[in-house]
Amino acid sequence: MRSVAAALGSQAAGERLIARIDAAVAAAVPKDAARPTALLFIADNFANGGPTLLTEMLGRAGFASPPAEMSRAVPIEAIVRNPPAVIMTPDPDGRTATLRRHVLARAGLRVAEAAFPRTFVNCGGPTIIPAMQRLAVIRAGMTR
């Protein structure tokens, strides 16, 4: 962000944005030590995985990453074998999420589900602020 702000001649605005992001990240840090496993879908059955900005954001918000088999294209069988505490999805009413919910219910598995808008996963920068706020709300709901 500093590089982009400098290229635009807007260093002060860049520093203000960085301060707002830092504050949002700090505010999202949970007060307890619980680390519920989160599976964050980007679209349909395609999940976040590996060393990404989203993985770091999830970790800072108090979530543990799912096993490596549950990154990228995740078949429902992998979720049934090793269900996360929460599934975050950009389209909770979509066909894939509805099918996944049905299969988990039929398997007798209780997995929390939360909407996580697709706009929060497009890139870093200003979207980090509402994304961290949303993760904090989801995480707080996991410990009630």
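Numbers here are sequence positions counted from 1. What you see below is based on every heavy atom in this structure, not just the backbone, and it leaves out hydrogens, waters and symmetry mates.
- Between G125 and I21, the shortest heavy-atom contact is O-CD1, 3.4 Å.
- No side-chain donor-acceptor contact under 3.5 Å links R118 to the backbone of P90.
- In this structure a side-chain-to-backbone donor-acceptor pair under 3.5 Å is present from R35 to G59.
- Residues L39 and M88 are not in side-chain contact: their nearest non-hydrogen atoms beyond the backbone lie 4.5 Å or more apart.
- By the criterion of side-chain heavy atoms lying less than 4.5 angstrom apart, applied directly or through intervening Ile, Leu, Val, Met, Phe, Trp or Tyr residues, I128 is not grouped with V4; the two fall into different hydrophobic clusters.
- Under a 3.5 Å cut-off, the side chain of R101 and the backbone N or O of P92 do form a donor-acceptor pair.
- Distance alone, capped at 3.5 Å, is enough to place a donor-acceptor pair between the R139 side chain and the G62 backbone.
- Linking Ile, Leu, Val, Met, Phe, Trp and Tyr residues whenever their side-chain heavy atoms come within less than 4.5 Å places V74 and L99 in a single cluster.
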Query raised in the report: Hey, mind stepping through V111 and V86 against side chain to side chain contact (heavy atoms under 4.5 Å, CB included) and telling me if it holds?
Result: CA-CA 6 Å; V111 177; V86 63; 5.7 Å; no
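- Side-chain heavy atoms closer than 4.5 Å link hydrophobic residues (I, L, V, M, F, W, Y) into clusters, and following such links, possibly through other members, connects L53 to V121.
- Using a cutoff of 4.0 Å between basic side-chain nitrogens and carboxylate oxygens, E56 and R60 are scored as salt-bridged.
- For the atom pair CZ of F120 and OG1 of T127, the computed distance is 8.0 Å after rounding to the nearest 0.5 Å.
- Expressed to the nearest 0.5 Å, how far CE of M142 lies from CZ of F63 amounts to 6.5 Å.
- Using a 4.5 Å cut-off on side-chain heavy atoms (C-beta onward), P66 and N82 make no contact.
- L54 and N48 get closest at one heavy-atom pair: CB-OD1, 3.5 Å.
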F116 vs I138, test: side chain to side chain contact (heavy atoms under 4.5 Å, CB included). Steps then yes/no. CA-CA 9 Å; F116 192 82; I138 295 167; 4.3 Å; yes
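- A distance of 10.5 Å separates OG in S3 from CG in L8, rounded to the nearest 0.5 Å.
- Counting only distance, with no hydrogens or angles, the side chain of D32 and the backbone of A34 share a donor-acceptor pair below 3.5 Å.
- Scanning both residues, A28 and M132, for their nearest heavy atoms gives CB-CE, 3.5 Å.
- Atom CD1 in I18 sits 6.0 Å away from atom CE in M1 (nearest 0.5 Å).
- Put simply, the side chain of T55 gets close to the backbone of G50: a donor and an acceptor are under 3.5 Å apart.
- Across all non-hydrogen atoms, the minimal contact from L17 to I129 is CD1-CD1, 4.0 Å.
- Atoms CZ and CZ, on R95 and R100 in that order, are 12.0 Å from each other to the nearest 0.5 Å.
- The hydrophobic clustering, which links ILVMFWY residues whose side-chain heavy atoms are closer than 4.5 Å, places L58 and M70 apart.
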Walk me through it: do M57 and T52 pass the test side chain to side chain contact (heavy atoms under 4.5 Å, CB included)? CA-CA 9 Å; M57 290 167 55; T52 67; over 6 Å; no
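- The shortest heavy-atom contact between A114 and R134 is CB-NH2, 3.9 Å.
- A single hydrophobic cluster is seen to contain both I87 and L109, as judged by linkage of ILVMFWY side chains at heavy-atom distances under 4.5 Å, directly or through other members.
- Looking at E15 and R2, a side-chain N of the basic residue comes within less than 4.0 Å of a carboxylate O on the acidic one, giving a salt bridge.
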